[in-house]
Amino acid sequence: MMVLTKKMIEIRSILQVVGQSNALVLPSIVVIGSQSSGKSSVLEAIVGHEFLPKGSNMITRRPIELTLVNTPEAQAEYGEFPALGLGKITDFASIQKTLTDLNLAVPAEDCVSDDPIQLSIYSPNVPDLSLIDLPGYIQVSGMDQPLELKQKIADLCDKYIQPPNVILAISAADVDLANSTALRASRRVDPRGERTIGVVTKMDLVDPERGASILNDRKYPLRLGYVGVVSRVPPATGGLFSRGSGNITNAITKNENAFFSSHPLEFGSDSGLAVGTNTLRKKLMHVLEQTMAASLQGTSDAIHQELEEATYEFKVQYNDRPLSAESYLAESLDAFKHSFKEFAESFGRAQVRELLKEELDQRVLDLLAQRYWNKPITDLSPPPIEPDPLSDLPKADADSLYWHRKLDASTSSLTKLGIGRLATTVVANALQSEVDRLINSSSFANHPFARQAIIDASSGILNERFYSTSDQVENCVKPYKYEIEVEDNEWAKGRQSIVTVLNKELKACEAAEKQVESAIGGKRKLKDVIGFIDRLRKGDVVLEGDGSGGAGGFSAALLAKGREAVFLRDRASTLQMRLLALKSRQCATRTNKYYCPEIFLDVVADKLTSTAVLFLNVELLSEFYYNFPRELDAKLGRGLRPEEVERFAREDKRIARHLDVVRRKEMLELVLAKMESLRDLEGREKRREADR
Ligand code: GDP
């Protein structure tokens, strides 16, 4: 028969995980008593260990939901705080310390808290029981125990002593039962004394006749009766027994037996009185079992109801779609790897080449602006080969050393700019920002943990490859630092390419000019400002002071805008002029390279790009495409522990809710199956009893 309580306790712990609703409360034994009535001593005698908070000023501030689990096969005794995840605690002094800390954590102004502490104790020496220890009633409120506390404790106890719970009302033998706060409280909720067990402690403190008459009480009759105990731990004798360690059951039982058996007349078996901790234990087991059995049907119905609700929610909200943290992670990872693969297929050598060339085009433009375009460049034209529409351009000496040196220096700036580092950085950044983009459009977007893991994976690989890639690229472009041969076809291609680049730059200049124009407030105003700045530059007008207060009727901000417009206008006209030159016959042949530096530098940039791409492709791109998915698997797939997978999935609130519903449903189904088998067992038991 005793199986029932054990099974029900199992069911209770499953229900606790589900987040048990009030309808699913299973009966417990609630322990009440006033301070110093011996309540802690009784509980500790039942458990066989001292584990409750002690100290003159120490009161229990939170209910303790104590689950005792009998483990007949096991040797070890240990406790567990399921909500704290501290694991098995075999040292009961440490359990006591934890309980004390949890109690002290309740702020003094709150006095008591109705948030229960859950504690399970596993031992071969405890019965299967579920007990709730409540703060002791305060008799007299003193300085450090305000009146308010007294009321709060009473309210808290009232909450717990409701049906179907069994009340264990503790009263001390040396106090008149009529004054027992515990019995008075129980009478209020259980007037006919049907679910209250009376425990009379400190039987050794009154003379035996009086003790016996208390247990025989007729004034407060209880259906479940009274039990008298002597549950104080006897003082240590000769070091055979030391407090705070080991099991205290034997010491208490011996002491208790010695007392009761020395008064056989009053307490012997003929007296019909119930005495001793052992008797109390058996009574508790029996009563709880009965109460559990009685609540079986009701609990079963309540679980059915909850299950129906969970099933409905699962269907309506989630379309019956199954989900587990593992399956969610696996699906997300697959989808992510798939989108990465798509990207990898679209981002190869050609794309890297384009990216890199664009970067170098920019460097070429900067170089040109720095070395050629910043001075009057009208001289930068070779003597005409034949009569030409542009023949009015000034002509430079064909063998001018000046232009030779200029081109050599510019070329060398380009080849020595650290292309290895630059190219590797450009590609690595492109890969990294693509990974970011992929994360943002994946289901990992809502998961900080996964996001970090993915970023770590990609930057890990890229960092690891960075220096060797950069060095190899640098090594391979070395020859260009000394000599650059240009073929005719390369020249033609370069000419085309740089014309495109300059045209694009020209467009950008013109667009920027338009923007300045609209910021200034129209063509007319722009013209006025530009006119003024031109006169300033020619020296026709002189700026007074530093010009910070504006000049010529224009504010300083307007003048700054004007200067920007002048710069853009000059740059655009330079670009236009150079475009004309590049398109002219003079730039058609590579022999005129000194006068067409734009083309020559483009050819150099192109050669550098081609060489760099070769190595970037092998050293960085292929390596990354191969390793990244594997690294993802290691970081987010096989490599994760179950609790990490769970934590990951729950980062997304939507997924967490879905998982909760699925889990709740599964748990309730499990509980219901267990309940059904329990009821079968009960039914069989009853039939067998009837047959007897
Ligand atoms: P609580 O405040 O109700 O938890 O009471 P305790 O269990 O801490 O006991 C209060 C005091 O009574 C302690 O000093 C105990 O040693 C003592 N005490 C408890 N039970 C007995 C008992 O059966 N006999 C005797 N003589 N003293 C007891």
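Atoms within each ligand, like the ligands themselves, are counted from 1 in listed order.
With sequence neighbours excluded, no residue satisfies salt bridge (Lys or Arg N to Asp or Glu O under 4.0 Å) with D155.
The shortest separation from a heavy atom of G33 to ligand 1 is not under 4.0 Å, leaving the residue out of contact. Under the 4.0 angstrom criterion for non-hydrogen atoms, G136 is not in contact with ligand 1.
When only modelled atom types and interatomic distance are considered, N446 and E651 share no side-chain donor-acceptor pair under 3.5 Å. Side-chain atoms of S130 and T67 include no donor-acceptor pair closer than 3.5 Å. Between S180 and S171, the side chains place a donor N or O and an acceptor N or O closer than 3.5 Å (distance only, hydrogens not considered). The closest side-chain donor-acceptor pair between R679 and Q297 falls under 3.5 angstrom. There is no side-chain donor-acceptor pair under 3.5 Å between H49 and E44. Using modelled atom types, one finds a donor on one side chain and an acceptor on the other under 3.5 Å when comparing D190 with T196.
Looking at S28, its side chain never comes within 3.5 Å of a backbone N or O of V30 through a donor-acceptor pair. Checking side-chain atoms of H658 against main-chain N and O of K653 turns up no donor-acceptor pair under 3.5 Å.
On a distance-only criterion, S37 and ligand 1 share at least one N/O pair closer than 3.5 Å. Polar contact check, Q35 against ligand 1: no nitrogen or oxygen pair lies under 3.5 Å apart. The distance criterion of under 3.5 Å between nitrogen or oxygen atoms is met by S231 with respect to ligand 1.
Among protein heavy atoms, the minimum distance from atom 21 (C) of ligand 1 is reached at R232 CB, 3.4 Å. Distance from atom 18 (N) of ligand 1 to its nearest protein heavy atom, with residue and atom name: K202 CE, 3.9 Å. The nearest protein atom to atom 5 (O) of ligand 1, hydrogens excluded, is given as G38 N, 3.1 Å; this is a heavy-atom distance.
At a 4.0 Å heavy-atom cut-off, ligand 1 does not touch I170 at all. Neither the backbone nor the side chain of V42 comes within contact range of ligand 1; no heavy atom lies under 4.0 Å.
Distance screen at 4.0 Å: atom 14 (O) of ligand 1 has no protein heavy-atom neighbour inside the cut-off. Distance screen at 4.0 Å: atom 28 (C) of ligand 1 has a protein heavy-atom neighbour inside the cut-off.
For ligand 1 and S36, the ligand atoms under 4.0 Å from any heavy atom of the residue are 1 (P), 2 (O), 3 (O), 5 (O), 10 (C). Close contacts of ligand 1 with S41, meaning ligand atoms under 4.0 Å from a residue heavy atom, involve 6 (P), 7 (O), 9 (O), 19 (C), 20 (N). Interface atoms of ligand 1 facing D204, defined by a heavy-atom separation under 4.0 Å, are 22 (C), 23 (O), 24 (N), 25 (C), 26 (N). Near S40, with a cut-off below 4.0 Å to any heavy atom, the atoms of ligand 1 are 1 (P), 4 (O), 7 (O). Heavy-atom proximity to S34, at under 4.0 Å, picks out these atoms of ligand 1: 3 (O). Atoms of ligand 1 found under 4.0 Å from any heavy atom of V230 (numbered from 1 in listed order, with element): 23 (O). In summary, the atoms of ligand 1 found under 4.0 Å from a heavy atom of L205, numbered by their order in the structure, are 26 (N).
At most 12 non-hydrogen atoms from other residues, nucleotides or ligands lie less than 6.0 angstrom from CD of Q75.
Between F648 and Y328, the gap from one ring centroid to the other is short of 6.0 Å.
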Verify salt bridge (Lys or Arg N to Asp or Glu O under 4.0 Å) between E646 and R663, making sure each step is shown before the conclusion.
CA-CA 12 Å; E646 183 74 22; R663 187 150 316 164; 3.0 Å; yes
